[in-house]
2 protein chains.
Amino acid sequence: MEKVTIKDVAREAGVSISTVSNALNDVDVLNPETKSHVLKVAKQLNYVPNLNGKLLRNGKTKMLGFFTTSVSGPYFYKLVESMSRECDRLGYGLNVFVTKDKQVIMSNILGRRVDGVIIYEELRVDEEEIAAMVKDKIKAVFLDRPLKNDTMGSVIFDSFEAGYEATKYLISLGHKKIAYISGVDEMYDSVQRREGYLAALRQYQLPTKEEYIIQGYFEEESTYNAIKSLVHLSSDKMPDAFLAGNDLSAIGCIQALKSHGYEVPLDISVMGFDDIDIAQYFSPPLTTVRNQIARQGILAINHLVRMIQKKEKGEMMKLAGELVVRGSSQVKIDR
Amino acid sequence: MEKVTIKDVAREAGVSISTVSNALNDVDVLNPETKSHVLKVAKQLNYVPNLNGKLLRNGKTKMLGFFTTSVSGPYFYKLVESMSRECDRLGYGLNVFVTKDKQVIMSNILGRRVDGVIIYEELRVDEEEIAAMVKDKIKAVFLDRPLKNDTMGSVIFDSFEAGYEATKYLISLGHKKIAYISGVDEMYDSVQRREGYLAALRQYQLPTKEEYIIQGYFEEESTYNAIKSLVHLSSDKMPDAFLAGNDLSAIGCIQALKSHGYEVPLDISVMGFDDIDIAQYFSPPLTTVRNQIARQGILAINHLVRMIQKKEKGEMMKLAGELVVRGSSQVKIDR
DNA sequence: CATTGCAATGAAAACGCTTTTATGTTAATT
DNA sequence: AATTAACATAAAAGCGTTTTCATTGCAATG
């Protein structure tokens, strides 16, 4: 079975190439007998259409691209898996490119290997470059920044709201000295969560002290160290609750507190964001704000496909987080 | 900037199409001046080669496919991320297909959208179908089953050895009644781990009781329930150690034991396989056998690319696991 | 009987590229 | 001066499709 092309099928069936093509693509112009005969021959020869030929001809690759730089962790697989499934459902394939190489990105995008792209987070493509992409009619959906115009949309989490709600929850437990463990300042989610936190504090007229915003960089270890340098505070200056930028950070925070004799949540409440797998297994189980990552992936793919197929314009969608209360937070006890 | 093709560049530069092609592809037959002029024009027009045209012409897509059915969990992202990076390094892209639809698989493979494929785990393609693929010169690397011939190779974990070593470790702690919590019987890893377990027991002349092999299906909940129905055993019949088929299973096991008043590891040692993220954060932290998933991905991609580019034959590679001792196991104490 | 209309099929162009082969020019050799 | 060699560039073929347009045969129409 060497590579068998449409030409072989045509020859074998004793018809022209166009007839074979029509038969295979179900174009209703053929004599039913001819059609079934052609199909029989095609099957018999194990014919499978060469997709490249097809693509070249009609300009559509039926492929979507997912471009990202370094990604890791649960976010990644939940996203990729949900997007991949959704692509499958819609008759597309998914190209995953984990790269920082702009050349790779550009040649794949502009080289028309994909019909549209999903772009995630840390990939800092300059705005001008995005504009360049767009001009060339490629549709894009961003997962990390709010954006919306004719050819580009976004599906993001409402991190401001999440930060706001989380803080409100901590306040409702009776906490008054709430610290925020910041993530990476260049990231949209990090900034938004902090803004939400500050907004809640202001609303309830709690002080927004400079020293209650701690750099944790979204990492366990950085946070651990940052908290370590806090624990010498006299107990009346010590925060009674920590809102960490993400779950990993919350874990680092708890580890540090534990190692200095604080009990969580007895002495101090701690919560995070994301609800990663570890959150529910950690001890104490983490109170957190869950993001529906799979849903984000599904929405993004659907939006992208609609932009491609139905020429819809880009939209911006915000997904609400969901407060998940577990064991790392509790009502403030004065003792 | 509408789509600009090689033809436009040729016209604009006042040369023929072939000259442009030669200039772009660095074929050293041109007058240096012509070449640099062409390149200048190309850049000026923002020309990017259409990859489909290229591919169709020379029959290589520079794309590898990763086919799998339902996958989830840490295994997935570690694999995809490492493979994706390695692809990038080697100048390939990675197509991820999460699908059970054989039609999708076949048309993408045989439709030559990829130069080679990685196939993972639960994807049960019948042997005849594999043969069909192979005949058609597609190269494949399997991650879930030992296999090796001219066009197909595999990179798998040495799960027999892992099971054997894990059991030996438990024996070395003084445990005598060691139970195995089995995974899914159709899976290679599951079976191999069990065989390794049995081999170790035999070697140390410990009994291999039927009732010490428990079905856990690689899941937390199933295992939890299975263990629940064990705990009524009189304490002299109760195992003093559990070797779970994977970490999730180990967690389910520990939860069940805890809920019946057993202390892990004081009363009973438990260990798992994989070393998933959760393992080190669980309480008690899990003793387990780590698989180097990223390494598996990297090896698989490299092997595949060598098969494609250097016409190497398929090989079978086995990766050794690594015993990670944490808090869920300890020396047997009689009390 | 000549024209028209229709149904079925085939021929050929086009998609964008690479590569083989052909062409034309100039320099080197006899 | 005539042939050859070397070089630079152009033309054309081909990759595997789809699709437009042309062709054929035949029944229906005037």
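Naming: A, B, ... by sequence-line order, numbering from 1 per chain. The shown structure was predicted, so the numbers you read here are calculated from the model rather than taken from an experiment. Any value given below was found using the heavy atoms of this structure, including those in side chains, with hydrogens, waters and symmetry copies removed.
Heavy-atom distances to DNA chain D give each of A/Leu56 and B/Ser16 a nearest nucleotide, and the one nearer the 5′ end belongs to B/Ser16.
Each end of the helix from C/dC1-D/dG30 to C/dT30-D/dA1 gets its own axis from five base pairs, and the two axes differ in direction by 80°, given to 10 degrees.
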Sequence neighbours excluded and cut-off under 3.5 Å, please list the side-chain donor-acceptor pairs for residues 311-318 of chain B, or say none.
residue	atom	partner	partner atom	Å
B/Glu312	OE1	B/Arg306	NE	3.0
B/Glu312	OE2	B/Arg306	NE	3.4

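Nucleotide D/dT9 holds its P atom 6 Å from the CG atom of B/Leu30, rounded to whole Å. Atom CG in B/Asp8 sits roughly 11 Å away from atom P in C/dC15 (whole-Å rounding). What separates NZ of A/Lys62 from P of D/dT18 is a distance of 14 Å, to the nearest Å. Atom-to-atom, NZ of A/Lys3 to P of D/dG16 comes out at 6 Å; the value is rounded to the nearest Å. Look at CD on A/Glu33: it is 14 Å from C1' on C/dA7, rounded to the nearest Å. Between A/Asn31 atom CG and C/dC6 atom C1' there is a gap of 14 Å when expressed in whole angstrom units. A/Arg112 has its CZ atom 8 Å from the P atom of C/dG16, to the nearest Å. Regarding A/Asp28, its CG atom lies at a distance of 12 Å from the C1' atom of C/dA8, rounded to whole Å.
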Legend entry - Working for side-chain hydrogen bond (donor to acceptor under 3.5 Å, both in side chains), residues A/Arg112 and B/Asn50: CA-CA 6 Å; A/Arg112 294 187 181 63; B/Asn50 178 314; over 6 Å; no
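B/Leu304 and B/Lys139 get closest at one heavy-atom pair: CD1-O, 3.6 Å. A pairwise comparison of heavy atoms in A/Val15 and A/Val20 identifies CG2-CG2, 3.7 Å as the closest pair. Of all heavy-atom pairs spanning A/Val114 and A/Leu64, the tightest one is CG1-C, 3.8 Å.
Between B/Asp28 and B/Lys35 there is no salt bridge, since no side-chain N of the basic residue sits under 4.0 Å from a carboxylate O of the acidic one.
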Inset, instruction - List the protein contact pattern of nucleotides 17-23 of chain C with one symbol per nucleotide (5' to 3'): B for base contact, S for sugar-phosphate-only contact, - for none; contact means a heavy-atom distance under 4.0 Å. - result: BBB----
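You'll find the ring centres of B/Tyr120 and B/Tyr75 inside the 6.0 Å limit.
Remark: the B/Ser16 side chain and the B/Thr19 side chain contain an N/O donor-acceptor pair separated by less than 3.5 Å.
No side-chain heavy atom of B/Val305 sits less than 4.5 Å from a side-chain heavy atom of B/Asn302.
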